[in-house]
Amino acid sequence: MAMKRSDYLSEVWREGIFNNKVVFCTGGNGTICSAQVRAMVHLGANACIVGRNVEKTESMARSLMTAREGSKVLGIGSVDVRNPESLNQAVESCVKELGGIDFCIAGAAGNFLSPLSHLSANAFKSVIDIDVLGSYNTAKAVLPHLVKSASTSTSGGRLIFVSATIHYTGAPLQTHVAVAKAGVDALSANVAIEYGPRGLTSNVIAPGPIAATEGMERLSRGEDAQASRKRIPAVGDGQGGGRCHGLVV
Ligand code: HXC
């Protein structure tokens, strides 16, 4: 489904800034990553999104293509970031179909609310595996292509991990996620140190709560939305509470 540009992109971006670039994105079905990819596609990029659910991933790819006439967006389902083989195959398909990878958004994540007392070792491991091992597998699969992009263009070779802020302080019912996101931050910093000299950048974005996302849907059950908004010192309406823009400054 087509979306209004103002729903995912602020006005400051130059049209065509990502012409001839390719973005590879894990977690591309999700609200945050799909908004990022939609914005990049609008601004000229072609894209490949991967996810576990085939129907959702293919349907989101079709929706993302409406952001710019003539764009190409591949949606590859049955890809679990915990499985390096399926990721490597998706990366190879992306490179074959779209010509390379200039940017990567590693956004696949797992989350649920649970007190430590109810968290099994496997539950903890599931989120660590999706967030930390999955981000690592993604980085390993795309890094050779990002190095190639950085060697031919000053604006290529960009890796972004989707982190959070809860591990800065700890958060109730989120031990597994806080530990995982700390790992993602460490991974990003180490990629930056090792690959910076080869022209790559590696960064995290650390979103707080964003209205109307799957994450908030899962995590804010039962909480009064207005009370939640009042705790956020930001954006637009003077009452706090972010909106999910793909690219904002
Ligand atoms: C306690 C739970 C649980 C719950 C699952 N488990 N849900 N334990 N409370 N609510 C346990 C299971 O019992 C099992 O342990 C283990 O976790 C693995 O569960 P599976 O269902 O087999 O795992 P899997 O199918 O791989 O699913 C992974 C998942 C699931 C993380 C559990 O929630 C998921 O796929 N989520 C992906 C989508 C998602 O969460 N997106 C939102 C991301 S938002 P046992 O011991 O029984 O075997 C986000 C925002 C972060 O990340 C920022 C926050 C501010």
Side-chain angles (χ1 to χ4, degrees), residues 22-38 40 46-64 73-98 101 103-114 119-146 159-164 166-167 174-188 190-191 202 204-205 207 213-219:
V22 174
V23 56
F24 181 88
C25 178
T26 68
N29 293 326
T31 330
I32 293 176
C33 290
S34 64
Q36 291 174 308
V37 173
R38 193 180 296 276
M40 296 181 80
N46 289 321
C48 176
I49 61 167
V50 300
R52 274 191 284 171
N53 184 301
V54 176
E55 205 279 319
K56 266 189 177 174
T57 308
E58 292 178 353
S59 157
M60 181 58 81
R62 286 193 293 278
S63 168
L64 294 174
V73 180
L74 304 180
I76 306 179
S78 294
V79 178
D80 190 323
V81 291
R82 292 170 283 190
N83 174 349
E85 283 78 33
S86 72
L87 253 179
N88 289 336
Q89 277 173 17
V91 163
E92 289 316 315
S93 300
C94 174
V95 171
K96 193 166 164 221
E97 299 277 327
L98 303 178
I101 297 175
F103 311 127
C104 174
I105 300 168
N111 202 347
F112 50 81
L113 295 174
S114 177
L119 199 59
S120 69
N122 192 41
F124 184 83
K125 180 178 182 301
S126 296
V127 172
I128 298 293
D129 280 356
I130 297 171
D131 291 22
V132 182
L133 185 62
S135 296
Y136 172 79
N137 288 338
T138 304
K140 287 283 279 188
V142 298
L143 277 168
H145 303 287
L146 295 182
L159 177 53
I160 289 177
F161 298 92
V162 181
S163 184
I166 54 177
H167 51 299
Q174 289 281 272
T175 303
H176 43 315
V177 182
V179 174
K181 294 301 191 185
V184 170
D185 286 5
L187 174 62
S188 174
N190 282 276
V191 171
S202 171
V204 297
I205 60 161
T213 58
E214 185 187 346
M216 271 306 278
E217 198 74 12
R218 282 167 174 263
L219 301 180

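Just so it is clear, the values below take in all heavy atoms, side chains as well, and ignore hydrogens, waters and symmetry mates. From a predicted model like this one, the values you see are computed outputs, not experimental measurements. In this chain, numbering begins with 1 at the start of the sequence shown.
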At what distance, to the nearest 0.5 angstrom, does CG of Leu146 lie from CD1 of Ile101?
-> 7.0 Å
Sorted by chain and number, sequence neighbours left out, side-chain contact (heavy atoms from CB on, under 4.5 Å) with Ala182 holds for His167
Give the table of side-chain donor-acceptor pairs shorter than 3.5 Å for residues 47-56, with sequence neighbours excluded, one pair per line with atom names and distance.
| unit_1 | atom_1 | unit_2 | atom_2 | d |
| --- | --- | --- | --- | --- |
| Asn53 | OD1 | Glu55 | N | 3.0 |
| Asn53 | OD1 | Lys56 | N | 2.8 |

Arg82: salt bridge (charged side-chain N to carboxylate O under 4.0 Å, His left out) partners, not counting sequence neighbours = Asp80
Phe24/Leu87 under side chain to side chain contact (heavy atoms under 4.5 Å, CB included): CA gap, chis, key distance, verdict = CA-CA 11 Å; Phe24 181 88; Leu87 253 179; 4.2 Å; yes
On a heavy-atom basis, the closest approach of Asn88 and Ala141 is OD1-CB, 3.2 Å
Taking every heavy atom of Leu64 against every heavy atom of Val37, the minimum-distance pair comes out as CD1-CG1, 3.7 Å
Between NZ on residue Lys125 and CD1 on residue Ile130, distance to nearest 0.5 Å | 10.0 Å
Residue Phe124 excluded, over 12 heavy atoms near CZ under 6.0 Å = yes
Work out which heavy atom in Ala139 is nearest to a heavy atom in Leu159; give both atom names and the distance.
-> CB-CD2, 4.2 Å
Separation between OG1 of Thr138 and CG of Leu143, rounded to the nearest 0.5 Å = 10.0 Å
Ring pair (Phe, Tyr, Trp, His ring centres under 6.0 Å) filter on Phe161, not counting sequence neighbours, yields none
Under the side chain to side chain donor-acceptor pair (under 3.5 Å) test, which residues partner Thr175, sequence neighbours left out?
-> none
Across all chains, not counting sequence neighbours, the side-chain contact (heavy atoms from CB on, under 4.5 Å) partners of Pro207 are Ile32, Val162, Ile205, Ile210
Pairwise distance OG(Ser202) to CG(Leu187) - rounded to 0.5 angstrom = 7.0 Å
Determine whether Val23 and Gln36 make a side-chain contact, defined as any pair of heavy atoms from C-beta on separated by less than 4.5 Å.
-> no
In this structure, OG1 of Thr57 is separated from CG of Asn29 (nearest 0.5 Å) by 3.5 Å
Minimum heavy-atom separation for Cys25 to Gly28, with atom names?
-> SG-CA, 3.8 Å
Under the side chain to side chain donor-acceptor pair (under 3.5 Å) test, residues paired with Asn83 that sit two or more places apart | none
side-chain contact (heavy atoms from CB on, under 4.5 Å) involving Ala180 - partner list, sequence neighbours excluded = Val127, Ile128, Asp131, Val132
For Asn137, side chain to side chain donor-acceptor pair (under 3.5 Å) partners two or more places apart = none
Residue set satisfying side chain to side chain donor-acceptor pair (under 3.5 Å) with Ser163, at least two apart, ordered chain then number -> Asp185
Inter-residue atom distance Arg38.CZ - Met60.CE, 0.5 Å rounding = 6.0 Å
Measure across Lys181 and Ala109 and return the closest heavy-atom pair with its distance rounded to 0.1 Å.
-> NZ-CB, 3.7 Å
Heavy-atom closest contact (Leu74 atom, Cys94 atom, distance) | CD1-CA, 4.0 Å
Who pairs with His176 by ring pair (Phe, Tyr, Trp, His ring centres under 6.0 Å), at least two apart in sequence or on another chain?
-> Phe112
